[in-house]
**Q** 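So that we are looking at the same thing, I have put the structure below in structure tokens.
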Amino acid sequence: MQNKTTYLKRLLAIYVAFFVVLIVWLTFTVTPGLQQGMQAGVSMGQDLSAQLQQETPQSSYLLFNCPLYQPDAIMFEVTDSIRQVTAFPSTMTFRITEPAGEHSMWWHAFAAVGGSPWVYWMMVAASLAFLVIIVLMWLIIRSVRHSIREEMPLAKSNVWRLRVIALLTIFSELCNSLCNWMMNHRAAELVADTAYSVNTAFQFNYSTLIMGLLILFAAELTAIGRDLGEEQKLTI
């Protein structure tokens, strides 16, 4: 194989970059988020347990980052008299406490985000899909490096791995969009009689959809290249 060393160096650079980005992401994004989530979960769990034991049991849940229509301006007082600060909040997070109803404690525990267990499980599904994508990316890079070292054709498994990554990318974004849509609709009902108005349009990140389709295209190119390589070897 010509330029074998060059290919391996490029893949090594991608390998290192992949793990550097992964470590930075885990350190600065996932870990603080998990800590805050655990603290909020423990606090809400204690409140939920206490509220459900009352004579008139109550249930609490959160609605995250609900987008607002034409938000009202908020004026801030500053010490500098020559400066005026005005904020226009674009999203709001709500915490709702309402009568618990006839649902079980487990139902209320899983409904602590979005007011419905469906929101919770879709968020879990999106997170699991992202973890599977990370594992599959690592397996692909490892497999390609092995193929170059041994001067072997690309493994057929890499084709379906890329296809799975593409589908999981789109699936993860769809789950997140559905969660946001459900929470936005719930928030719009709750603030209907106030000065705030929540945008309930279905928001989908089309850049993620394009990325998923590009990965799917790369999978098909990999499959074609592999088949052509095998046919060429058989011809020779």
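Because the structure is predicted, anything quoted here is derived from the model rather than measured.
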**Q** Given the rule that I, L, V, M, F, W and Y join up when any side-chain heavy atoms are under 4.5 Å apart, are Y206 and L174 in one cluster?
**A**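 They do share one cluster, since a chain of ILVMFWY contacts under 4.5 Å joins Y206 to L174.
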**Q** With side-chain contact (heavy atoms from CB on, under 4.5 Å) as the criterion, how do I210 and L214 come out once you've worked through the C-alpha distance, each side chain's angles and the decisive distance to 0.1 Å?
**A** CA-CA 6 Å; I210 293 172; L214 287 175; 4.1 Å; yes
**Q** S143 vs N158, test: side-chain hydrogen bond (donor to acceptor under 3.5 Å, both in side chains). Steps then yes/no.
**A** CA-CA 8 Å; S143 174; N158 286 336; 3.2 Å; yes
**Q** A166 and G212: which non-hydrogen atoms are nearest, and at how many Å?
**A**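 In terms of heavy atoms, the two residues are closest at CB-O, 3.2 Å.
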**Q** Got a donor-acceptor contact below 3.5 angstrom from the E173 side chain to the F204 backbone?
**A**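 No, the answer is negative, given that no donor and acceptor are paired below the 3.5 Å cut-off.
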**Q** A side-chain contact here means heavy atoms from C-beta on lying under 4.5 Å apart; do S197 and L68 qualify?
**A**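 Sidechains of L68 and S197: no contact.
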**Q** What heavy-atom pair brings L63 and G114 nearest, and what distance separates the two atoms?
**A**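 What the structure gives for the nearest pair is CD2-CA, 3.6 Å.
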**Q** Can you find a heavy atom in the side chain of V113 that is under 4.5 Å from one in the side chain of Y61?
**A**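 V113 does not reach Y61 side chain to side chain.
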**Q** Angle class for the W181/H185 ring planes (parallel below 30°, perpendicular above 60°, tilted otherwise)?
**A**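 Correct class here is perpendicular.
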**Q** If you define the side chain from C-beta out and look only at heavy atoms, does anything of M211 sit under 4.5 Å from T169?
**A**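 Result yes, sub-4.5 Å side-chain heavy-atom pair found.
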**Q** Quick check on the hydrophobic clustering: are I165 and W160 connected, directly or via other members, by side-chain heavy-atom contacts under 4.5 Å?
**A**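 Looking at the clustering, W160 is in the same group as I165.
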**Q** In terms of hydrophobic clustering (I, L, V, M, F, W, Y; side-chain heavy atoms under 4.5 Å; direct or indirect links), are W118 and M123 co-clustered?
**A**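 In one cluster with W118: M123, yes.
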**Q** Applying side chain to side chain donor-acceptor pair (under 3.5 Å), name anything that partners N65, two or more places apart in sequence or on another chain.
**A**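 For N65 there are no side chain to side chain donor-acceptor pair (under 3.5 Å) partners, ignoring immediate neighbours.
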**Q** Table please: side-chain donor-acceptor pairs of residues 130-138 below 3.5 Å, with sequence neighbours left out.
**A**
from	atom 1	to	atom 2	distance (Å)
W138	NE1	Y15	OH	2.9

**Q** Is there a chain of hydrophobic side chains (I, L, V, M, F, W, Y, each step under 4.5 Å between heavy atoms) that links V164 to L139?
**A**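 Yes, same cluster.
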**Q** To the nearest 0.5 Å, tell me how far T208 OG1 sits from L213 CG.
**A**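 If I round to the nearest 0.5 Å, the distance is 11.0 Å.
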**Q** Might you point out which heavy atoms bring M182 and S116 nearest each other, and give the distance in Å?
**A**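 Looking at all heavy atoms of both residues, the closest pair is CE-OG, 4.4 Å.
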**Q** Is it the case that one hydrophobic cluster holds both F202 and M122, taking links as side-chain heavy atoms less than 4.5 Å apart, direct or via other members?
**A**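 As far as the 4.5 Å side-chain criterion goes, M122 and F202 are connected within one cluster.
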**Q** So T91 and F64, do their side chains get closer than 4.5 Å, heavy atoms only?
**A**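 Of all side-chain heavy-atom pairs linking T91 with F64, none is under 4.5 Å.
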**Q** In the structure I gave you, are the side-chain heavy atoms of R186 and E189 within less than 4.5 Å of one another anywhere?
**A**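 Yes. Closest side-chain heavy atoms under 4.5 Å.
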**Q** Can you list everything that forms a salt bridge (charged side-chain N to carboxylate O under 4.0 Å, His left out) with R161? Sequence neighbours excluded, please.
**A**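 If we apply the salt bridge (charged side-chain N to carboxylate O under 4.0 Å, His left out) test to R161, skipping adjacent residues, there are no hits.
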**Q** Quick one: pull up SG in C66 and CG in L190 and give me the separation to the nearest 0.5 Å.
**A**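 One finds 9.0 Å between SG of C66 and CG of L190.
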**Q** Would you name the heavy atoms of S172 and A126 that are closest together and state the gap between them?
**A**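 Closest heavy-atom pair between S172 and A126: OG-O, 3.5 Å.
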**Q** Which heavy atom of P67 sits nearest to which heavy atom of N184, and what is that distance?
**A**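 Where P67 meets N184 most closely, the heavy atoms are CD-OD1, 3.2 Å.
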**Q** From M183 CE over to L178 CG, what is the distance, rounded to the nearest 0.5 angstrom?
**A**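 It comes to 11.0 Å.
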**Q** What's the spacing between T222 OG1 and R163 CZ if we round to 0.5 Å?
**A**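 Between atom OG1 of T222 and atom CZ of R163 there are 9.5 Å.
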**Q** Going from CG on L216 to CD1 on I170, what distance comes out if it is rounded to the nearest 0.5 angstrom?
**A**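 CD1 of I170 is found 7.0 Å from CG of L216.
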